[in-house]
Asks: 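Quick one: the structure is below, questions incoming.
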Amino acid sequence: MENTHTCEFASAPINAGLQPADKVLLLREMIRIRRFEQAALKSYQGGKMGGFLHLYIGQESVAVGTCSLMGHDDHVITAYRDHGHALAVGMNMNECMAELFGKATGCSKGKGGSMHFFAPDKNYWGGHGIVGGQTPLGLGLAYGVKYKGLKGSAMCFMGDGAVNQGCFYESLNMASLWNLPVIYIIENNGYSMGTSLARSSVYPSCLAERAAGFGIEWDTLNGEDVYEVRAKVQVAMERAHNESRPTVLEISTYRYYGHSVADAKHKIYRSEDEIERYKQLHDPIQLFKSRLIEEQVLTEEQYDVIDNAARQEADDSVRFAEESPIPSEESITEDVYFEVDRQTLAGRTGRHFFND
Amino acid sequence: MENTHTCEFASAPINAGLQPADKVLLLREMIRIRRFEQAALKSYQGGKMGGFLHLYIGQESVAVGTCSLMGHDDHVITAYRDHGHALAVGMNMNECMAELFGKATGCSKGKGGSMHFFAPDKNYWGGHGIVGGQTPLGLGLAYGVKYKGLKGSAMCFMGDGAVNQGCFYESLNMASLWNLPVIYIIENNGYSMGTSLARSSVYPSCLAERAAGFGIEWDTLNGEDVYEVRAKVQVAMERAHNESRPTVLEISTYRYYGHSVADAKHKIYRSEDEIERYKQLHDPIQLFKSRLIEEQVLTEEQYDVIDNAARQEADDSVRFAEESPIPSEESITEDVYFEVDRQTLAGRTGRHFFND
Amino acid sequence: MPEITYREALRHAMAEEIERDQNVVLLGEEVAEYDGAYKVTEGLWKRFGDKRVADTPISEAAFIGMGIGASMLGLRPVMELMFWSFSTVAWDQIVNNAGMVRYMSGGLINCPIVIRGPANGGTNVGATHSHTPENWIANVPGLKVVCPATAYDAKGLLKSAIRDNDPVMFMENTLLYGEKWEVPDEEYLIPLGVADVKREGTDVSLIAHGRAALTALKAAELLAAEHDISAEVLDLRSIRPLDEDAILKTVRKTHRVVLIEENKPFCGVDAQIAAMIQEKCFDDLDAPVLRLSAIDAPAIYSPELEKRQLPRPIDIVAKVLSICR
Amino acid sequence: MPEITYREALRHAMAEEIERDQNVVLLGEEVAEYDGAYKVTEGLWKRFGDKRVADTPISEAAFIGMGIGASMLGLRPVMELMFWSFSTVAWDQIVNNAGMVRYMSGGLINCPIVIRGPANGGTNVGATHSHTPENWIANVPGLKVVCPATAYDAKGLLKSAIRDNDPVMFMENTLLYGEKWEVPDEEYLIPLGVADVKREGTDVSLIAHGRAALTALKAAELLAAEHDISAEVLDLRSIRPLDEDAILKTVRKTHRVVLIEENKPFCGVDAQIAAMIQEKCFDDLDAPVLRLSAIDAPAIYSPELEKRQLPRPIDIVAKVLSICR
Ligand SMILES: Cc1ncc(C[n+]2csc(CCOP(=O)(O)OP(=O)(O)O)c2C)c(N)n1
Ligand SMILES: Cc1ncc(C[n+]2csc(CCOP(=O)(O)OP(=O)(O)O)c2C)c(N)n1
Ligand SMILES: [Mg+2]
Ligand SMILES: [Mg+2]
């Protein structure tokens with residue numbers, strides 16, 4: 001993938017306008033995601049949760065950079081690797097951690113788990129487990145925004161493996177044909193489970209270029225630099241807001257852990273060297289930290305304060321989750337039907353559930 | 001769509017090698033398709049058949065040109081507009097007409113109808129009603145050919161509307177990744193039902209160019225000239241045979257009738273002028289007829305003989321179909337399971353059907 | 001009361017709801033400029049314009065998913081599947097998105113979407129175009145399924161479906177589009193989950209849904225005329241929610257039941273109904289609950305045989321006679 | 001006899017069939033170099049190479065369709081779905097291509113394909129990953145469905161499925177992959193369509209499939225130990241074809257039946273079985289056929305509650321006690 005660093009992304013208007021405090025906030029959000037997930041990992045290993053746990057560690061700059069651009073009518077939807085986006089849109093650690101623990105206080109009342117975080121009040125539409133399944137939904141968010149006459153967008157995140165689900169291309173054609181303000185963001189971390197990009201996809205210069213076949217603007221960017229993420233996503237967002245046109249962006253990034261915590265082979269299908277290289281040279285948090293120190297808006301001491309606070313917050317969220325009640329048995333059949341939950345006339349008419 | 005007529009397709013090696021009789025045969029096959037379908041249309045209007053009838057008239061050069069290139073291990077699969085390909089691969093009019101009449105003598109014993117003609121012995125794999133559904137199957141034929149170590153190909157035909165089914169793109173990626181000898185042939189007749197191409201798809205220069213996003217060679221061609229069809233498809237076929245690489249071809253063509261016989265609005269969503277223009281200036285049979293007369297391999301009189309024979313053959317097939325028996329009631333549950341039909345041990349074990 | 005077709009009844013329901021609620025939008029293949037493949041939406045695009053009625057490409061996964069996404073934002077899309085058979089290419093969207101997003105979000109997200117279109121055999125369009133997936137859909141907690149048999153029901157149920165805040169899968173029948181029934185001019189709604197006794201009777205209950213309910217009515221006439229058997233015909237109308245009380249009531253009245261559906265038998269809706277009846281009315285039954293479904297093979301093309309494949313009045317009569325003598 | 005895991009039994013079945021028939025090929029996501037997401041195919045790629053075992057992109061519609069196309073040419077692809085839940089994105093291929101091409105071609109084309117993978121809840125992977133579509137599939141004439149409960153059954157049934165000339169949908173269970181059972185070293189086959197009496201009994205019949213059969217066995221132990229009730233446990237093993245004789249036989253022996261499945265109740269497999277039993281054994285039944293299914297909601301994530309959502313031995317015991325006293 002080509003990496004044009006011709007322009008200095010830090011001085012792009014969207015970044016140039018950032019106050020020192022804003023910059024530190026961006027860093028802080030990245031750190032919070034990392035500390036949250038590290039705490040989650042520890043709890044998972046301690047047997048506190050079930051199912052899958054897909055960690056976002058290494059990719060934090062993408063969620064934080066993109067979501068920091070969101071205005072009132074900009075929406076987000078993603079796949080199952082969804083903790084980072086959840087925190088980046090403003091969900092709190094407690095509701096997220098409690099969800100992982102399957103507790104009633106979880107954001108989805110313990111019904112969704114790791115892959116299914118939602119916060120519609122924060123324009124965050126999940127958290128979807130079927131690879132590629134979120135791409136038509138993202139189209140629908142964009143359609144809804146446009147239908148309502150709002151100046152907004154829908155950012156739909158997906159992995160490099162997800163590009164091989166057909167509904168993505170159906171969505172691209174419709175987005176282009178109907179001029180919908182959707183931004184597909186491919187978080188290319190080089191692997192879909194144990195399969196490297198080269199073993200799953202053929203493409204001209206990059207995956208995003210497939211958008212050209214549908215008359216859609218596309219670009220690639222280096223995800224390790226949160227300034228670059230913001231600068232280039234901003235271009236797409238303005239295209240969405242002002243021209244109601246879609247964009248496909250491919251952001252190169254890297255996950256440090258396995259596909260999920262259960263992925264025992266992740267140091268076999270890729271080398272430890274490769275992982276180390278990313279951690280040493282491309283870590284988005286370390287890079288941005290250095291950058292901010294260089295820019296003199298941050299000191300090592302301030303960094304430690306932020307980091308400690310994030311650790312503390314994560315630890316607190318674990319305690320919160322542990323102390324929270326598990327959902328009641330009756331809750332199993334709640335949240336299935338709106339009408340039943342509200343006991344409207346419709347919900348009280350006819351039988352909706354069929355045990356016994 | 002650009003139409004490069006820089007090279008003279010008649011003199012392409014694949015055409016230059018044609019004997020006069022071969023050329024006349026190509027014309028004859030096109031005429032047979034047209035006469036067959038005209039007879040079918042008459043019978044449909046006479047209430048002799050049910051369901052849908054999608055006529056291929058206007059597009060004959062595509063099926064005939066492509067299928068004339070088939071060798072022992074080249075396979076064909078298409079959508080529901082499948083009569084032309086069926087006759088072009090060598091199915092006879094009787095079995096085809098009887099199928100339309102729902103008779104036991106039909107190629108599918110009256111079980112498939114117009115959309116579901118098959119002749120595996122002629123490497124013809126149907127006849128598929130779900131738009132785009134044949135595209136992964138075509139991939140599978142190519143995979144099978146390659147797995148068996150044969151030098152062959154699978155030509156998978158589809159419409160300009162079918163390109164918006166996602167499984168097509170999944171198939172393109174896999175074809176490219178696995179080097180499969182599949183040739184996707186988009187028969188672009190400008191409309192998917194009542195929707196013009198511009199209202200269904202966005203594309204750079206043409207639909208076939210979407211293949212570029214998957215690293216696949218593509219080309220466009222003018223379907224009105226059977227020489228051009230043969231010349232350009234031959235290139236793709238050689239690529240399949242010699243390099244085991246896929247190709248996407250887009251052939252511009254036109255259907256004279258409605259989407260199906262039930263399409264009452266087809267002179268509303270497109271102008272009568274447009275239809276007339278195609279019939280007058282772009283009819284593949286008339287063009288090839290003139291060409292062959294010009295080349296002095298055909299006379300008007302010979303043409304009439306061929307045409308009359310085709311009409312006669314079509315009329316005979318109607319009589320054959322009329323006189324054929326309808327399938328027996330018991331046959332409804334035949335051809336569901338191989339093992340049951342053959343009454344193998346597997347077929348005799350356990351219950352397979354659940355009425356009463 | 002004026003008589004209108006099933007098709008018109010559906011169209012009127014949509015027109016009224018488009019006028020009533022600015023969030024209602026009709027989307028699907030050929031629904032706008034072409035007036036609908038089966039002319040159900042005829043005139044609506046002309047009347048309401050591009051914004052409210054729009055044609056989609058042949059991309060069911062994308063456009064059904066799009067409708068679901070839009071419904072999460074509060075729109076009320078009414079999506080046409082040209083055939084319900086094409087739901088197979090949008091199956092993930094229907095089951096996993098429409099069916100589960102409310103649950104997985106702990107009730108934070110609703111999908112007030114309607115997906116409608118014909119789901120029937122009997123028109124010689126072959127196996128792939130003749131699916132009747134009401135049993136598949138009704139298996140999914142989170143989804144609702146409605147199968148109207150008459151114009152009156154179609155209109156009242158579709159209006160309720162559009163106003164319902166849960167995803168409703170609305171299954172019509174191309175063989176009924178042109179049939180006429182009395183439908184009042186005044187607005188009315190038919191709630192989901194209320195079955196309809198389409199004919200009163202005392203000797204046997206014929207329970208059906210969709211077009212099979214009409215076949216049952218014909219059978220009831222034959223039974224009365226030729227066999228002096230008084231059959232009650234219960235039309236389920238909605239499959240989920242299901243009017244179990246109405247089922248139990250008719251069974252307890254007649255003590256004999258024949259279930260009729262046009263679906264294939266294995267795990268059809270009537271398997272569920274039969275299982276439920278034998279459990280709840282074990283001592284009320286004077287005979288086993290019998291079932292009549294389509295002959296258990298993919299839909300055959302051959303027109304004469306496809307007629308035979310679906311339940312006919314005489315097949316129902318034979319079943320009834322086997323338990324009423 | 002040596003004990004091996006359910007996972008190993010499946011692996012051995014595939015290895016033996018790969019060796020036996022050069023047309024057998026394994027395809028799916030992560031089945032080759034990664035050794036399988038659930039390690040079912042571990043070592044097979046190393047052993048048999050790229051040609052016989054290959055990784056696909058995340059393109060279920062394309063690769064399942066590809067397998068079907070290849071099977072039409074005579075190959076015998078064994079396709080892994082990482083979860084059967086992902087069949088929703090290949091639903092058209094499974095139902096319309098594998099399920100109908102033989103019929104629509106008047107018997108000219110066969111699809112000797114096996115599609116296999118886990119189909120179960122109980123592992124806290126959420127609603128979209130916990131589908132159990134055996135009832136949907138078995139609704140389709142043209143498809144076969146198998147749900148083995150033990151390593152022994154898994155091996156014998158998978159080998160038969162691979163040799164079968166019809167499309168067989170093979171549904172496994174991640175909760176069983178690591179469980180061990182006795183499996184002979186010598187080759188054996190278990191025919192499709194033969195149920196297995198996993199425990200003899202006289203007072204009540206527990207009929208189940210998949211993991212629910214094991215739950216039924218545990219319940220039978222409790223019933224014997226604590227309630228002096230002798231329960232017979234019939235494991236269906238294959239859903240279509242179905243061993244109806246075995247079902248009728250156990251019912252006529254015990255006169256009381258509880259059906260157990262992990263699917264959702266509405267139109268589940270047990271709806272079909274209950275409907276069938278009441279019809280054919282009307283006079284043999286001393287009590288209504290009872291059903292125990294998953295609690296009727298999408299699969300909940302919360303680990304404690306998901307355990308509760310699926311049938312437990314004590315739930316079966318309670319059902320049995322309600323009809324045996
Ligand atoms: C339709 C479907 N197929 C397969 C899976 C199993 N699966 C879950 S994640 C995954 C890999 C996806 O990789 P990518 O899109 O690159 O995202 P990443 O995990 O790298 O974030 C697979 C195969 C699934 N959830 N859905
Ligand atoms: C998945 C699916 N959606 C919709 C249809 C209904 N349908 C049948 S043909 C057709 C138009 C296809 O147009 P095109 O691909 O251009 O082929 P043409 O008819 O022009 O040959 C539509 C919408 C279908 N059969 N399958
Ligand atoms: Mg990835
Ligand atoms: Mg077309």
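A quick note: this is a predicted structure, and the numbers were derived from the prediction, not measured. Letters A, B, ... mirror the listed sequences (proteins, then strands); counts begin at 1. Note that these values count all heavy atoms, side chains included, but never hydrogens, waters or copies made by symmetry.
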Asks: Only distances under 3.5 Å count here; give the side-chain donor-acceptor pairs of residues 79-90 of chain C to other protein atoms, sequence neighbours excluded, each with its distance to 0.1 Å.
Replies:
from	atom 1	to	atom 2	distance (Å)
C:Glu80	OE1	C:Arg116	NH1	2.8
C:Glu80	OE1	C:Arg116	NH2	3.2
C:Trp84	NE1	C:Phe170	O	3.0
C:Ser85	OG	C:Thr128	O	3.3
C:Ser85	OG	C:His129	O	3.4
C:Ser85	OG	C:Ser130	N	3.2
C:Ser85	OG	C:His131	N	2.8
C:Ser87	OG	C:Trp84	O	2.7
C:Thr88	OG1	C:Ser85	O	3.2
C:Thr88	OG1	D:Asp92	OD1	3.1

Asks: Taking the side chain from A:Ser108 and the backbone from C:Met104, do they hold a donor-acceptor pair closer than 3.5 Å?
Replies: yes

Asks: Identify which part of A:Glu334 has an atom lying under 4.5 Å from any heavy atom of chain C, answering side chain, backbone, both or neither.
Replies: backbone

Asks: Would you sort out whether C:Tyr103 and A:Lys109 count as a side chain to side chain contact (heavy atoms under 4.5 Å, CB included), showing the intermediate values?
Replies: CA-CA 9 Å; C:Tyr103 196 72; A:Lys109 300 185 188 161; over 6 Å; no

Asks: Tell me, side chain or backbone of A:Leu180 under 4.5 Å from chain C's heavy atoms, or both, or neither?
Replies: side chain

Asks: Any non-hydrogen side-chain atom of A:Glu339 less than 4.5 Å from a side-chain atom of C:Lys144?
Replies: yes

Asks: Just so I know, are the side chains of C:Val194 and A:Thr349 near enough to count as touching, which here means a heavy-atom distance under 4.5 Å?
Replies: yes

Asks: Which residues from residues 159-176 of chain A are near chain C, with near meaning under 4.5 Å between non-hydrogen atoms?
Replies: A:Cys167, A:Glu170, A:Ser171, A:Asn173, A:Met174

Asks: Is A:Trp178 close to C:Thr56 at the side-chain level, that is, under 4.5 Å between some pair of heavy atoms?
Replies: yes

Asks: Using a cut-off of under 4.5 Å for heavy-atom pairs, which of A:Ile77, A:Thr135, A:Val336 has the most such pairs with chain C?
Replies: A:Val336

Asks: A:Pro136, A:Ser331, A:Gly106: which one forms the most heavy-atom pairs within less than 4.5 Å of chain C?
Replies: A:Pro136

Asks: Salt-bridged, A:Arg351 to C:Asp245, with N to O below 4.0 Å?
Replies: no

Asks: Counting a contact as any heavy-atom pair under 4.5 Å apart, which residues of residues 121-132 of chain A contact chain C?
Replies: A:Trp125, A:His128, A:Ile130

Asks: Identify the heavy atoms of C:Gly65 and A:Leu137 that sit nearest to each other, and give their distance.
Replies: O-CD2, 3.4 Å

Asks: Write down the atom of A:Pro120, the atom of C:Ile109, and the distance for their closest heavy-atom approach.
Replies: CG-CG1, 3.6 Å

Asks: Count the heavy atoms belonging to other residues, nucleotides or ligands that lie under 6.0 Å from CZ of A:Arg348, then report whether that count exceeds 12.
Replies: yes

Asks: Using a 6.0 Å cut-off, check whether atom CD of C:Glu187 has over 12 heavy atoms from anything other than its own residue.
Replies: yes

Asks: Could you please state which residues from residues 140-150 of chain A sit under 4.5 angstrom from chain C, measuring non-hydrogen atom to non-hydrogen atom, sorted by number, or 'none'?
Replies: A:Gly140, A:Leu141, A:Tyr143, A:Gly144, A:Val145, A:Tyr147, A:Lys148

Asks: Can you name the nearest heavy-atom pair linking A:Tyr337 to C:Gly142, along with the distance?
Replies: OH-N, 3.1 Å

